[in-house]
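Every chain is numbered from 1 and lettered A, B, ... according to where its sequence line falls, protein lines coming before strand lines. What you are looking at is a predicted structure, and each value in this text was computed from that prediction instead of being measured.
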Amino acid sequence: MPIRGQHTITWNDLRRHLGKVEKPARYTGGEINAKHKDPQSVDILFALAFPDVYEVGMSHLGSQILYSVLNNRHDVSCERVYAPWHDMESLLRERCWPLFSIENRLPLSSFDIVGFSLQYELTYSNVLMMLDLGGIPLRSKDRAQDAPLVIAGGPCAMSAEPMADFIDAFALGDGEELSLDIVDTYKAWKGTGRSRSDLLVMLSLVESVYVPSLYDVEYNGDGTLGRVVPRPVKLDDQSYQSIRAETGNPALRRSCFPEDRPGWFIAPSGVRRRVIKSIDHAAFIDQPLIPLMEPIHDRAMVEIFRGCTQGCRFCQAGTIYRPVRERAPGTISGYARKLLEASGYDEVSLVSLSSADYSHIEELISRLSADCSRAKISLPSLRVDSFSVELAKMLGTSKTGLTLAPEAGSQRMRDIINKKVTEEDIFHAARHAFASGFSHLKLYFMIGLPGEADHDVVAISNLVRKIRQIGRDMKARPTVVASVSGFVPKPNTPFQWEPCIQPDELRRRQRLLKGGLRGPGLKFKYHDVELTWLEAVFARGDRRLSAALELAYQRGARFDAWANLLDIGLWEQVFSDTGLDPAFYAHRERGIEEALPWDHLDSGVSKTYLLLERGRARKGATTRDCRTGDCVGCGVCSRLGVEVSLK
Amino acid sequence: MRVRVKYKKGDTVRFLSHLDVARNMRMALKRAKWPVAITRGYSPKMRVSFYSPLPVGTSGEEEYLDVTLDKNGITDFIQAKAKGAGHLLSNSDILAQLAGALSNALPKGFAVCELVVVHNGQKPFESQIQGSLYRTEIEEVTADTLSSSIEAFLAEEQVLFEVQRPKESRTMDLRDFVESISLIPGSSPATLFMTIRHDNGRTVRPQWVIDSLSRFGMDINTGEVIVDRLKLYFG
Ligand code: SF4
């Protein structure tokens with residue numbers, strides 16, 4: 001291992017070469033409130049790695065929270081690292097520089113722990129790039145004793161089998177406490193001189209940590225998954241005794257160290273998501289990182305609640321962040337005021353999955369407007385109803401743009417996906433918007449949803465045209481933008497068994513829309529079919545996909561989420577060269593009895609409930625939101641020992 | 001009241017774009033609680049003006065921005081500070097208070113050099129800027145190899161240079177703007193000082209001059225040029 005604090009890239013090195021790259025400020029840090037600790041003065045060096053460019057990573061609230069949680073510990077120094085853009089990657093290779101952290105410019109390989117945030121499947125190739133440039137072997141099994149521990153969290157960790165060979169341990173669920181448990185476990189291991197495999201065993205005993213290398217995957221003759229089972233590991237005597245003794249939970253001790261097999265360790269058969277009970281005072285960042293270069297979201301952010309129980313059936317976030325836990329209005333406005341003062345931002349965003357659902361949203365907004373005069377308040381996610389439009393009006397949202405997401409064009413489809421708005425709600429919202437002076441409406445839709453027929457697709461353009469007509473009748477000079485993306489079935493949703501439609505069929509449905517969305521005051525934007533396809537392959541993939549991922553990386557796949565950079569030919573070739581059939585993953589309907597690659601990772605929402613929801617979708621029956629206290633039986637609260645917490 | 005801030009864009013923040021510098025300044029003014037006047041209209045903005053923007057990669061020892069202060073705001077600011085100080089504040093006290101608050105609020109790499117009050121009735125500041133003095137270091141090149149191409153450049157009446165812009169490109173006569181170039185004899189990396197003229201906001205960049213030297217027998221990998229603006233000249 002490089003000696004700590006050595007082999008750093010000096011500022012002088014950097015300043016002589018960064019002139020060659022685009023947006024060099026991506027690599028020079030200097031953010032307000034960045035923590036520059038002396039690497040020698042701490043026990044654990046933690047690299048928070050975000051597999052996208054700096055300005056995207058700096059806009060991610062979750063990373064900011066973890067940065068603050070980890071750096072609040074005196075024995076930990078947490079530094080950040082982002083995916084280098086192509087030109088920077090070339091520079092690193094040309095100069096033989098390792099990928100380095102922002103704060104102290106330490107090579108990635110000199111950290112104890114490297115933790116990736118997996119927000120989106122199409123950033124996986126960047127994870128490999130960062131490991132490789134950082135001097136860390138790509139595959140977990142190739143990492144030597146002194147290599148960093150590579151962990152990953154974020155929504156994709158709940159179903160990240162395609163990454164299982166590259167990540168030593170996944171952290172499932174809320175990271176505030178979990179990240180510290182991992183650090184503590186690492187610290188307990190670090191001084192002991194025990195083996196790296198002991199560390200992995202120890203981590204697998206931490207609640208909500210999934211160590212994929214401790215599980216065997218069996219496949220059936222037809223290529224479907226058989227089962228994922230913990231593989232017994234023989235520990236040496238001393239390790240066996242001490243790890244067993246350190247395992248506090250008696251049930252875990254019994255099951256992982258079976259009495260009839262002394263010396264053997266068997267990892268837990270399933271791993272359950274971590275949930276923090278209250279976010280009221282958790283996770284507040286009083287010293288926000290403020291980048292010197294403009295991030296994508298250039299404003300203060302305060303989380304107002306976590307979780308969403310609207311129950312949209314396509315939505316993964318609606319499952320894996322349950323249940324709803326709100327912050328009190330007083331806490332929020334206090335935080336907002338502090339943040340605005342500390343940052344100098346003139347806008348604060350009230351972040352959640354569906355901010356109009358917040359119990360005291362009106363009270364909160366008037367309180368904030370009084371407390372933080374002059375600052376703009378924004379709600380990132382509105383519902384499609386008149387109330388939301390009224391909120392937007394209260395906030396003085398720029399009259400040029402209001403974004404709403406009806407998601408589907410026909411009532412039938414909206415019932416199938418459990419988007420509980422009627423056409424009348426939508427029209428009402430539109431009328432209200434035009435009357436309030438909004439002339440520019442942006443509407444989000446999906447096509448390729450389960451059960452969708454051509455008339456459902458056409459219903460989107462009809463709906464959009466009717467909205468334009470409403471605007472015209474009101475003399476509002478309307479522009480209505482329909483932004484249409486292809487539906488990708490996601491794990492941990494009632495649609496996880498459904499096939500994703502074929503690219504050609506998706507293109508055909510896009511064409512169905514095109515004609516109807518031409519004309520003055522109308523705009524049609526659609527998502528790249530190729531992105532939808534690749535995302536659909538990886539979203540529900542298993543471990544075998546790691547071969548494709550590695551080969552694609554070696555052949556140059558980077559930044560696949562950037563439509564203009566995604567090289568689909570490369571990926572097709574890679575699938576064929578590795579003998580993997582992308583259609584098997586993307587376009588195949590799963591049998592309900594089939595084992596799914598994420599079945600052993602428990603979001604808390606039961607599979608039975610997802611099946612029930614799937615059945616309701618097929619009948620076009622909707623399910624209410626449990627936020628009001630009327631439980632609909634998803635299982636989260638009892639299984640994870642939490643409850644809905646409204647303020 | 002309008003205050004002119006002379007500030008430094010230091011070595012470590014050289015890679016910020018002009019827009020980034022402006023964003024950091026506005027945010028620092030807010031953090032420093034300066035009573036900045038706000039424009040009227042639908043999206044109110046701070047009344048701040050920046051001059052003679054520096055490109056990405058160039059540092060500046062003496063850069064300028066003007067801040068218009070709000071009349072009522074400044075009274076409050078003074079009262080608050082006077083309370084803290086326990087006595088009335090002179091004009092220079094007020095400027096010192098403003099300077100101190102801004103200094104503390106700026107990101108590392110920036111510094112406040114001086115604050116002066118701008119009186120009404122002056123020529124627009126941008127048009128007062130007559131020239132810039134730059135120091136340029138060229139890595140892996142020695143002064144000796146550079147001197148003949150610089151002489152050749154200076155001997156020309158006209159050196160046309162195509163400036164690449166995102167939308168169009170534009171041809172400028174570099175020679176017309178370059179007042180002088182002096183090379184430190186024996187320096188390695190080669191270090192040279194350039195005085196470049198400004199003409200109502202129009203000017204050229206040292207980097208372009210270096211790029212054009214390839215036409216005069218110099219072959220330089222242009223990424224490895226470090227430019228610092230040391231001074232602005234006024235007329
Ligand atoms: S268990 Fe019931 S109350 Fe809790 S999140 Fe699920 S449906 Fe809502």
Side-chain angles (χ1 to χ4, degrees), chain A residues 10-34 36 54-55 87-88 90-91 94-95 102-103 105 287-295 298-300 338-347 372-376 396-400 437, chain B residues 9-34 36 38 42-46 55-59 70 73 101-102 104-110 136-141 189 205-207 210-211 220-228:
Chain A
T10 65
W11 169 246
N12 220 15
D13 289 332
L14 260 196
R15 75 200 276 269
R16 282 165 52 190
H17 297 285
L18 275 189
K20 282 180 204 155
V21 307
E22 192 185 308
K23 304 190 181 170
R26 283 171 172 164
Y27 314 102
T28 54
E31 301 85 356
I32 293 192
N33 292 325
H36 295 87
Y54 177 84
E55 58 273 36
D87 50 4
M88 187 60 177
S90 308
L91 180 66
E94 191 186 304
R95 309 294 317 168
I102 297 281
E103 284 81 355
R105 291 190 288 274
Q287 298 187 320
L289 270 171
I290 301 159
L292 306 191
M293 175 188 155
E294 191 179 338
D298 198 16
R299 48 186 170 256
K338 276 192 212 146
L339 265 184
L340 288 167
E341 254 176 43
S343 65
Y345 279 126
D346 47 19
E347 179 175 348
C372 318
S373 59
R374 280 219 185 115
K376 250 175 74 180
T397 303
S398 158
K399 288 284 185 288
T400 47
Chain B
K9 177 196 178 193
D11 184 35
T12 56
V13 291
R14 64 170 62 246
F15 291 110
L16 297 182
S17 69
H18 178 64
L19 281 178
D20 289 331
V21 170
R23 170 180 166 278
N24 283 301
M25 284 295 169
R26 288 199 181 88
M27 287 174 75
L29 288 167
K30 286 201 85 174
R31 289 192 295 268
K33 303 204 167 69
W34 272 39
V36 183
I38 304 293
Y42 188 72
S43 53
K45 298 232 159 49
M46 286 180 157
V56 173
T58 304
S59 75
D70 177 72
L102 183 57
N104 290 335
L106 281 172
K108 281 197 200 78
F110 289 97
T136 305
E137 287 178 11
I138 309 173
E139 290 292 334
E140 283 149 48
V141 175
R205 295 180 186 175
Q207 179 77 55
I210 303 297
D211 289 348
I220 298 165
N221 186 350
T222 55
E224 304 177 13
V225 175
I226 297 174
V227 182
D228 304 288

Taking every non-hydrogen pair under 4.5 Å, which of B:L106, B:V13, B:V56, B:N24 racks up the most with chain A? B:N24
Just wondering, do [Y] and [X] contact through their side chains at under 4.5 Å, heavy atoms?
X      : Y     : result
A:W11  : B:D11 : yes
A:D346 : B:K30 : yes
A:I32  : B:R31 : yes

Is any side-chain N of the basic residue among B:E139 and A:R16 closer than 4.0 Å to the acidic one's carboxylate O?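 Yes, this pair counts.
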Salt-bridge test for A:D298 and B:R23: reply yes if a basic N is under 4.0 Å from a carboxylate O, no otherwise.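 B:R23 and A:D298: salt-bridged.
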Using non-hydrogen atoms only, which part of [X] is less than 4.5 Å away from chain A: side chain, backbone, both, or neither?
X      : value
B:V21  : neither
B:A105 : backbone
B:R14  : side chain
B:L29  : neither

A:Y345 portion near chain B, given a 4.5 angstrom heavy-atom threshold: both
At a 4.5 Å cut-off on heavy atoms, which part of A:I290 comes close to chain B: side chain, backbone, both, or neither?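 Contact with chain B involves the side chain of A:I290 alone.
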Based on non-hydrogen pairs under 4.5 Å, which of A:A25, A:A342, A:S343 is most in contact with chain B? A:S343
How far apart are the closest heavy atoms of B:F15 and A:L18, and which atoms are they?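 Scanning both residues, the minimum pair turns out to be CZ-CB, 3.5 Å.
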